[in-house]
*Asks:* 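Please see the structure below; I have some questions.
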Amino acid sequence: MFDESFHGYYIHGRSPYGQAEISSEMLKMAIEFESSGKAHMRGLSEDDPDMQTFEIFIPPDLMKNYRIKFMQKVE
């Protein structure tokens with residue numbers, strides 16, 4: 001999510017359940033499993049396993065490629 005030309009936020013959003021869409025019954029079981037401390041970490045780093053959002057700064061050349069390759073497909 002970009003809020004300025006070269007600045008934005010990355011949301012890691014890793015699901016420790018192996019998939020993003022599960023039934024409410026499976027979600028309940030997964031939440032109980034995660035609360036027991038047995039599930040995989042959600043974050044990117046073991047130093048801060050709960051951190052899933054990151055502030056990012058994109059170099060101009062990378063942003064240019066992003067706009068060409070991704071944004072044209074979206075539009």
Side-chain angles (χ1 to χ4, degrees):
M1 170 78 65
F2 294 101
D3 60 349
E4 294 184 22
S5 296
F6 304 105
H7 174 265
Y9 299 89
Y10 167 69
I11 301 172
H12 185 57
R14 177 176 179 234
S15 172
Y17 316 121
Q19 58 192 39
E21 296 181 18
I22 58 177
S23 70
S24 57
E25 182 180 328
M26 290 296 294
L27 179 60
K28 180 181 181 280
M29 289 172 38
I31 290 171
E32 289 171 357
F33 182 72
E34 188 171 355
S35 69
S36 73
K38 297 176 184 173
H40 295 285
M41 71 175 191
R42 290 179 176 262
L44 288 175
S45 167
E46 291 182 9
D47 295 333
D48 196 350
D50 295 323
M51 182 181 281
Q52 297 182 76
T53 58
F54 304 88
E55 184 176 19
I56 58 173
F57 297 90
I58 303 292
D61 289 344
L62 181 59
M63 180 56 81
K64 180 181 174 183
N65 284 329
Y66 169 79
R67 288 186 176 131
I68 291 169
K69 295 179 180 178
F70 179 73
M71 290 306 294
Q72 287 180 350
K73 292 179 182 180
V74 172
E75 293 172 355

*Asks:* Hey, is CD on E55 packed in by over 12 heavy atoms from elsewhere, all under 6.0 Å?
*Replies:* yes
*Asks:* Mind checking side chain to side chain contact (heavy atoms under 4.5 Å, CB included) for D61 and listing every partner two or more places apart, or none if nothing turns up?
*Replies:* none
*Asks:* Could you list the residues that satisfy side chain to side chain contact (heavy atoms under 4.5 Å, CB included) with I56, not counting sequence neighbours?
*Replies:*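 Result, side chain to side chain contact (heavy atoms under 4.5 Å, CB included) vs I56: F2, Y10, I58.
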*Asks:* Quick check on the hydrophobic clustering: are L27 and M29 connected, directly or via other members, by side-chain heavy-atom contacts under 4.5 Å?
*Replies:* yes
*Asks:* Say whether F54 and L62 are linked into one hydrophobic cluster, either directly or through other cluster members, by side-chain heavy-atom distances under 4.5 angstrom.
*Replies:*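 Same cluster: F54 reaches L62 through Ile, Leu, Val, Met, Phe, Trp or Tyr contacts under 4.5 Å.
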*Asks:* Does the plane of the ring in H7 sit parallel, tilted or perpendicular to the ring in Y9? Use 30° and 60° as the thresholds.
*Replies:* perpendicular
*Asks:* Identify, with sequence neighbours excluded, every residue that meets salt bridge (Lys or Arg N to Asp or Glu O under 4.0 Å) alongside K64.
*Replies:* none
